[in-house]
Amino acid sequence: MKNANRCVKSRRLVISRHRLPPPYSLGLTGLWLLPVGLLLVTLLVGVGVKPALLDLRLLLLLALMALPAVYVWREGVDVLADGLITRHYWPHYYPYARLDNWYYDGRADRRVLTIWGQSGDPIFQCQRGHLTGWPRLLAALKAHLRYRNWPT
């Protein structure tokens with residue numbers, strides 16, 4: 001039970017997924033993949049097509065360089081019937097029973113959503129523009145968690 005908050009491969013039904021909006025996620029993913037493409041083009045122009053390009057060390061380097069692109073593509077929140085999977089730094093599964101409350105600071109200079117766990121620590125924080133399907137996410141939070149009603 002030590003790793004109960006780790007995201008386990010499950011076949012649970014995902015009600016909704018909330019990711020970075022497509023123009024931004026595509027742009028950031030392309031930006032992170034640009035050095036990989038430049039390195040490959042430089043190698044192909046400089047050396048030509050040779051079997052040495054299939055060296056495991058080069059392929060591992062290219063895979064390592066592409067990891068941030070995968071991270072940007074997958075970052076966000078998945079809403080399940082029994083909890084949330086937050087994909088922020090590392091995927092974590094939080095059942096609603098382990099979550100305490102949430103608050104959306106709607107001031108023009110903030111617009112930040114924060115979700116707290118029962119330990120009192122924030123487990124997820126993001127700005128409104130960083131997630132798609134904002135009304136569906138707020139509806140799921142309203143249905144399952146207590147709203148921390150701070151004055152604005």
What is the distance from atom CG of Leu28 to atom CD of Glu75, rounded to the nearest 0.5 Å?
9.5 Å
From Arg19 CZ over to Trp73 CH2, what is the distance, rounded to the nearest 0.5 angstrom?
10.5 Å
Can you confirm whether Leu113 sits close enough to Trp134 that some side-chain heavy atom of one is under 4.5 Å from a side-chain heavy atom of the other?
yes
Would you say the side chain of Tyr93 lies within less than 4.5 Å of the side chain of Leu80, judging by non-hydrogen atoms?
yes
Scanning both residues in full, the closest heavy-atom pair of Leu141 with Trp102 reads O-NE1, 3.4 Å
Would you name the heavy atoms of Ala81 and His144 that are closest together and state the gap between them?
O-CE1, 3.9 Å
Is any side-chain heavy atom of Leu137 closer than 4.5 Å to one of Thr132?
no
Report yes if the side chains of Leu40 and Leu62 come closer than 4.5 Å at any heavy-atom pair, otherwise no.
yes
Can Arg111 and Asp105 be said to form a salt bridge (charged side-chain N to carboxylate O under 4.0 Å, His left out), step by step?
CA-CA 5 Å; Arg111 292 192 175 110; Asp105 188 351; over 6 Å; no
Under 4.5 Å between side-chain heavy atoms, counting indirect links through other Ile/Leu/Val/Met/Phe/Trp/Tyr residues: same cluster for Tyr71 and Leu34 or not?
no
A side-chain contact here means heavy atoms from C-beta on lying under 4.5 Å apart; do Tyr104 and Val112 qualify?
no
To the nearest 0.5 Å, atom CE of Met65 lies from atom CG of Leu38 at 8.5 Å
Given Leu43, Val41, Thr42, the one that forms side-chain contact (heavy atoms from CB on, under 4.5 Å) with Val45
Val41
Can you name the closest pair of heavy atoms from Leu61 and Leu39 and give their distance?
CD2-CD2, 4.1 Å
Please give me the minimum heavy-atom distance between Val36 and Ala66, naming the atom from each residue.
CG2-N, 4.2 Å
Is there a side-chain contact between Gln125 and Ile115 (heavy atoms, below 4.5 Å)?
no
Minimum-distance pair of heavy atoms, taken over all atoms of Tyr96 and Val79:
OH-CG1, 3.6 Å
Following the transitive rule for hydrophobic clusters with a side-chain heavy-atom cut-off under 4.5 Å over Ile, Leu, Val, Met, Phe, Trp and Tyr, establish whether Leu33 and Leu31 coincide in one cluster.
no
Straight-line distance of Arg17 CZ to Arg74 CZ, nearest 0.5 Å
6.5 Å
Less than 4.0 Å between a side-chain N and a carboxylate O, is that true for Arg87 and Asp78?
yes
Hey, is the main chain of Gly133 close enough, under 3.5 Å, to the side chain of His18 for a donor-acceptor pair?
yes
Does NZ or CZ of Arg148 come closer than 6.0 Å to the centre of the six-membered ring of Trp116, within 45° of the ring's axis?
yes
Yes or no on side-chain contact (heavy atoms from CB on, under 4.5 Å) for Val77 and Phe124, after CA distance, side-chain angles and deciding distance?
CA-CA 9 Å; Val77 178; Phe124 185 75; 3.2 Å; yes
Is there a side-chain contact between Val72 and Thr29 (heavy atoms, below 4.5 Å)?
yes
Check whether any side-chain heavy atom of Ile123 sits under 4.5 Å from a side-chain heavy atom of Tyr94, and report yes or no.
yes
